[in-house]
There are 2 protein chains.
Amino acid sequence: MESRIERIKKQLHGASYKLTPQREATVMVLLENEEDHLSAEDVFLLVKERAPEIGLATVYRTLELLTELKIVDKINFGDGVARYDLRQEGATRFHHHLICIECGSVDEIQEDLLGEVEKIVETRFQFTVKDHWLTFHGICKRCKQKENKKK
Amino acid sequence: MESRIERIKKQLHGASYKLTPQREATVMVLLENEEDHLSAEDVFLLVKERAPEIGLATVYRTLELLTELKIVDKINFGDGVARYDLRQEGATRFHHHLICIECGSVDEIQEDLLGEVEKIVETRFQFTVKDHWLTFHGICKRCKQKENKKK
DNA sequence: CTAGATGCAAACATTTTGCATGATT
DNA sequence: AATCATGCAAAATGTTTGCATCTAG
């Protein structure tokens with residue numbers, strides 16, 4: 001069984017990009033922090049732990065590369081910082097996010113909830129959907145529980 | 001019949017903000033370009049036409065204010081620039097966008113297509129939805145017509 | 001009259017780029 | 001060996017802030 005990291009490496013190779021230690025370390029960091037939504041700076045600091053000589057510019061260049069190859073998605077939650085999120089293997093659409101306006105947590109929804117909605121968009125607006133970006137703002141489960149305990 | 005601009009002015013007043021000529025000019029520009037998705041710089045240049053002494057910082061401060069009052073929404077389509085979009089009067093949710101990956105056009109969908117999806121999120125993830133942000137990437141009607149003509 | 005708003009310039013934060021050096025295929 | 005990738009520093013971009021001045025209420 002081939003591991004996820006190996007497949008990503010092959011993807012890089014396949015697109016005729018060199019497999020440098022810096023790129024490898026960056027991919028590893030992304031895999032190990034799949035739950036998080038790391039900024040370039042975050043990735044830089046984590047990569048630095050295992051490859052201290054790496055420069056921030058290289059991280060930016062690698063993340064751009066991975067975005068191009070659709071291995072990661074670049075997201076922007078409104079603060080001025082770009083974050084990078086691994087795409088599920090084989091997924092044709094980006095996953096959804098739940099952002100809590102109380103605690104700032106970001107949860108992911110892997111299921112695609114937009115099948116019907118995309119059909120409507122395709123027929124009613126004659127727009128061929130290639131990808132989607134859906135984010136909900138609201139109150140998360142955990143904060144609601146906290147609220148209830150107070151009462 | 002009260003005009004939209006007057007109601008916005010009252011909202012400003014109501015929140016005890018002063019109604020300066022600069023703020024008025026900024027709101028006018030937003031109303032006159034409701035279809036567009038103007039950046040702060042865009043707004044600045046347009047406001048400058050009618051109030052040449054205005055400074056960019058004031059535009060930023062006004063746009064922040066209007067965002068706070070939910071008169072406009074601050075959006076980020078992935079390029080590093082924040083754009084500002086008037087919210088429909090009385091709308092509790094932000095409207096959706098269709099971004100064409102061919103020509104870069106941004107169309108708006110005012111109808112709320114997410115009623116059912118929000119219900120699922122509320123029950124399945126116990127997340128109370130306050131607002132949503134939905135963007136589709138794909139090929140717009142116009143670009144598809146151009147494609148067909150070529151054949 | 002006074003709190004709040006403005007314009008300007010400087011500061012900030014993030015991201016991009018130029019270039020000489022270094023490493024991968 | 002040749003091409004592509006890297007690190008560093010400088011530059012570019014977009015946004016925010018400090019402060020003296022001004023103005024709407």
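Naming: A, B, ... by sequence-line order, numbering from 1 per chain.
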Whole-Å distance separating the [atom1] atom of [X] from the [atom2] atom of [N]:
{"X": "B:L19", "N": "D:dA24", "atom1": "CG", "atom2": "P", "result": "10 Å"}
{"X": "B:E68", "N": "D:dT16", "atom1": "CD", "atom2": "P", "result": "12 Å"}
{"X": "A:L63", "N": "D:dT6", "atom1": "CG", "atom2": "P", "result": "12 Å"}
{"X": "B:I54", "N": "D:dT23", "atom1": "CD1", "atom2": "P", "result": "14 Å"}
{"X": "B:L56", "N": "D:dT16", "atom1": "CG", "atom2": "P", "result": "10 Å"}
{"X": "A:H13", "N": "D:dC4", "atom1": "NE2", "atom2": "P", "result": "14 Å"}
{"X": "A:K48", "N": "D:dC8", "atom1": "NZ", "atom2": "P", "result": "7 Å"}
{"X": "A:R23", "N": "C:dT24", "atom1": "CZ", "atom2": "P", "result": "11 Å"}

task = Give a yes/no on whether any side-chain N or O of B:Q22 is located under 4.0 angstrom from OP1 or OP2 of C:dG7.
result = yes
ask   = Do the side-chain N or O atoms of B:Y60 get closer than 4.0 angstrom to the phosphate oxygens (OP1, OP2) of D:dT15?
value =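 Answer yes for this pair, as a side-chain N or O of B:Y60 is under 4.0 Å from OP1 or OP2.
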ask   = Hey, does B:P21 reach any base, or is it just sugar-phosphate, or nothing, if we go heavy atoms under 4.0 Å?
value = sugar-phosphate
query = If you look at every strand shown and take non-hydrogen atoms under 4.0 Å, does A:E53 touch a base, only sugar-phosphate, or nothing?
reply = sugar-phosphate
Ring centre gap for B:F77 and B:H37 strictly below 6.0 Å =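 Close enough - the centres of the two rings lie under 6.0 Å apart.
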Quick one: which of [options] gets closest to the side chain of [X]?
{"X": "A:T20", "options": "D:dT15, D:dA5, C:dT15", "answer": "D:dA5"}
{"X": "B:K74", "options": "C:dT17, D:dG7, D:dT16", "answer": "D:dT16"}
{"X": "B:A40", "options": "D:dG7, D:dT15, C:dA5", "answer": "D:dT15"}

ask   = Does the C:dG4 base have a donor-acceptor partner in the side chain of B:R61 within less than 3.5 Å?
value = no
message = At less than 3.5 Å, do the side-chain atoms of B:K18 and the base atoms of C:dA3 form a donor-acceptor pair?
response = yes
task = Compute whether any side-chain donor of one residue and acceptor of the other, for A:Q88 and A:H95, lie under 3.5 angstrom apart.
result = no
request  = Starting from the 5' end of DNA chain C, give me the residue, A:G80 or A:A57, whose nearest nucleotide shows up first.
outcome  = A:G80
message = When you compare the side chain of B:H96 with that of A:V121, does any pair of heavy atoms fall below 4.5 Å?
response =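 Counting from C-beta outward, A:V121 and B:H96 never come under 4.5 Å.
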query = So do B:V117 and B:L134 actually touch side chain to side chain, heavy atoms under 4.5 Å?
reply = no
ask   = Minimum heavy-atom separation for A:D112 to A:G115, with atom names?
value =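 In terms of heavy atoms, the two residues are closest at OD1-N, 4.1 Å.
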Contact nearer the 5' end of DNA chain D, comparing B:R83 with A:Y17 =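 With B:R83 and A:Y17 compared, the 5'-side residue is A:Y17.
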